[in-house]
Amino acid sequence: MVWEKEKIVGSCLIGGATFAVGASFLSLFLKGELPLGLGLGGPRLVSPWKCFRRRKPVRVYMDGCFDMMHYGHCNALRQARALGDQLVVGVVSDEEIIANKGPPVTPLHERMIMVKAVKWVDEVIPDAPYAITEEFMKRLFDEYQIDYIIHGDDPCVLPDGTDAYALAKKAGRYKQIKRTEGVSSTDIVGRMLLCVRSNSQSHSSLQRQFSHGHNSPRFEDGASSAGTRVSHFLPTSRRIVQFSNGKGPGPDARIIYMDGAFDLFHAGHVEILRCARELGDFLLVGIHDDLTIRGKRGAQYPIMNLHERSLSVLACRYVDEVIIGAPWVVSKDTITTFNIWKVVHGSDFVKEKDNPYAVPKSMGIFQVLKSPLDTSTSTIIKRIVANHEAYQKRNLKKEASEKKYYEQKSFVTGD
């Protein structure tokens, strides 16, 4: 009985308070002073109603060449997106790259496909200038409603020695993120140049250089003869979590499975993954380990190691989950464990005596997808081989700035 009385009293108090607040709002409404334009006119109240006002999204801008796009680029875009609500990315034109750095390996249309596919990117601007000019900065602020311009802690110096982001810094609209260690486009080109020059090297030497971060004694403490700093990529569980979606498939999801090496992750990979994702509700990607790829494709492969390739695939917006170190053969157990609805592969698949897709084919769940873009890992390597002198000169030119960065490098918070 006592409890029921307390309940009645409490209800009366809450009801009275609710009535008082309602009466206050009614009074403001009748006076035309209801905030945020909800009244009929008259003076507007600003405070204490700011909390009800819809906050304008913070739009941040980051630009780059994004040539030979890799997980370092993706991590930079992830960090940039974390500084705002919407990320707009400018992709530098081929002409601007040639004028400032040398010939790009991947043309603009392929670089656009790569950037658009990164899960943290909201909008892309093609043919962005290499340097932030007054005119382009005004366009960013006025047309694209950009609040801040973002770049990494590594210096971006123009041919005349000036800072490419000097105007943004002067305007007080510049923010800095932490550079991702262990990889750069220059480094990847250098790996392929090394591969071209090392065809006669032993299997064990190539294994040291390519699958374990190039830790061959010849390159341990500095730059290679191509001006490429040694890659010291250190994978962490936190980085994998940062790149992961963190969501599993729904109970009735049609799970698509696609496996491969995904070495030198490129626009051809992106497009085939997009096609695969459109077939179902959840795309699971299997990534083969270094030893498997080496055994199937040769001692000089893969160019990128397993963890590097995994992060590149995880950053793709069409991918929901990856299996790191997936088995070469797609077994019945794999299909059952992951509840796979359909197994797919690109039309570039080379048939083997022991077909790794024999089981899904026998189950009637295997499908070959026509690759929509005629670009492959071999295509990228051929471009490097065909212009290896130009790329070697570009790498040598980059060596000085890379060396200076690492000599003067200091800790940057956040990543």
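Taking the centre of each ring, W120 and F243 come in below the 6.0 Å mark. For Y357 and H345, the gap between ring centers is short of 6.0 Å.
From I132, atom CD1 reaches atom NE2 of H151 across 10.0 Å, with rounding to the nearest 0.5 Å. To the nearest 0.5 Å, atoms CD (E271) and OG (S371) are separated by 10.0 Å. Atoms CD1 and OH, on I150 and Y61 in that order, are 11.5 Å from each other to the nearest 0.5 Å. Note that CE of M62 is 3.5 Å distant from CD1 of I177, once rounded to the nearest 0.5 Å. Here the straight-line distance linking atom CG of L283 with atom SG of C275 works out to 11.0 Å at 0.5 Å rounding. Between the CD1 atom of I293 and the CD1 atom of I303 there is a distance of 10.5 Å, given to the nearest 0.5 Å.
Ring orientation note: the planes of H269 and F265 are close to parallel, at an angle under 30° on the 30°/60° scale.
Of all heavy-atom pairs between P302 and D263, the closest is CA-OD2, 3.3 Å. Smallest separation of non-hydrogen atoms from I255 and F338: CD1-O, 3.2 Å. Nearest heavy-atom pair across T133 and L167 is C-CD1, 3.7 Å. The two atoms that bring A168 and I149 nearest to each other are CB-CD1, 3.8 Å, heavy atoms only. Nearest heavy-atom pair, M114 versus V270, reported as atom, atom and distance to 0.1 Å: SD-CG2, 3.6 Å. Heavy-atom minimum distance, F66 versus V91: CD1-CG2, 4.4 Å.
Residue-environment remark: OH (Y165) exceeds the threshold of 12 foreign heavy atoms within 6.0 Å. Heavy-atom neighbours of K370 NZ from other residues, nucleotides or ligands within 6.0 Å: at or below the threshold of 12. Within a 6.0 Å radius of CG in D374, no more than 12 heavy atoms belonging to other residues, nucleotides or ligands are found. For CD of E143, the number of neighbouring non-hydrogen atoms (other residues, nucleotides, ligands) closer than 6.0 Å is greater than 12.
Listed for the T292 side chain is no donor-acceptor partner under 3.5 Å among the backbone atoms of H288. Between the side chain of R277 and the backbone N or O of R317 there is no donor-acceptor pair closer than 3.5 Å. Here the side chain of T379 pairs a donor or acceptor atom with the backbone of S376 at under 3.5 angstrom. Distance alone, capped at 3.5 Å, places no donor-acceptor pair between the N75 side chain and the Y71 backbone. A donor-acceptor pair is defined here as one N or O able to donate and one able to accept, closer than 3.5 Å; no such pair exists between the side chain of T106 and the backbone of D67. With hydrogens and angles disregarded, a donor-acceptor distance shorter than 3.5 Å links the side chain of K119 to the backbone of L314. No side-chain donor-acceptor contact under 3.5 Å links D127 to the backbone of L108. Between the D153 side chain and the K178 main chain, no donor and acceptor come within less than 3.5 Å of each other. In this structure a side-chain-to-backbone donor-acceptor pair under 3.5 Å is present from E308 to N305. No donor-acceptor pair closer than 3.5 Å links the side chain of T334 to the backbone N or O of V330.
Contact annotation: the side chain of L279 approaches that of L369 to within less than 4.5 Å [non-hydrogen atoms, C-beta and beyond]. Residues R294 and L291 form a side-chain contact, since some pair of their non-hydrogen atoms from C-beta on lies under 4.5 Å apart. Looking only at side-chain heavy atoms (C-beta outward), I97 and N100 stay at 4.5 Å or farther from each other. Using a 4.5 Å heavy-atom cutoff, the side chains of Y257 and I323 are in contact. At least one side-chain heavy atom of H266 sits less than 4.5 Å from a side-chain heavy atom of T377. Proximity of L140 to Q145: side-chain heavy atoms (C-beta onward) are nowhere separated by under 4.5 Å. Counting only heavy atoms from C-beta outward, the side chains of V359 and I335 approach each other to under 4.5 Å. In this structure, M137 and P129 have side chains that are not in contact, with every pair of non-hydrogen atoms separated by 4.5 Å or more.
Electrostatic pairing of R309 and D290 counts as a salt bridge here, judged by a charged N lying under 4.0 Å from a carboxylate O. Checked for salt-bridge contact, R59 and D147 miss the test: no charged N lies under 4.0 Å from a carboxylate O. Salt bridge D94/R111: present, at least one basic N to carboxylate O contact under 4.0 Å. With respect to R274 and E278, a salt bridge is recorded, a charged nitrogen being found less than 4.0 Å from a carboxylate O. Salt-bridge annotation for D85 and R55: present, with a side-chain N of the basic residue lying under 4.0 Å from a carboxylate O of the acidic one.
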ask   = Yes or no on side-chain contact (heavy atoms from CB on, under 4.5 Å) for I287 and V313, after CA distance, side-chain angles and deciding distance?
value = CA-CA 9 Å; I287 305 174; V313 174; 3.9 Å; yes

inquiry  = Test side-chain contact (heavy atoms from CB on, under 4.5 Å) on Y148 and V58; report intermediate values, then the result.
reply    = CA-CA 8 Å; Y148 297 102; V58 176; 4.2 Å; yes

ask   = Can you list the steps and then say if V118 with H73 is a side-chain contact (heavy atoms from CB on, under 4.5 Å)?
value = CA-CA 10 Å; V118 177; H73 289 132; over 6 Å; no

request  = Could you please spell out the steps behind the side-chain contact (heavy atoms from CB on, under 4.5 Å) verdict for V89 and I125?
outcome  = CA-CA 6 Å; V89 179; I125 302 173; over 6 Å; no

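R173 forms a cation-pi arrangement with F141, by the criterion of a distance under 6.0 Å to the ring centre and an angle within 45° of the ring axis.
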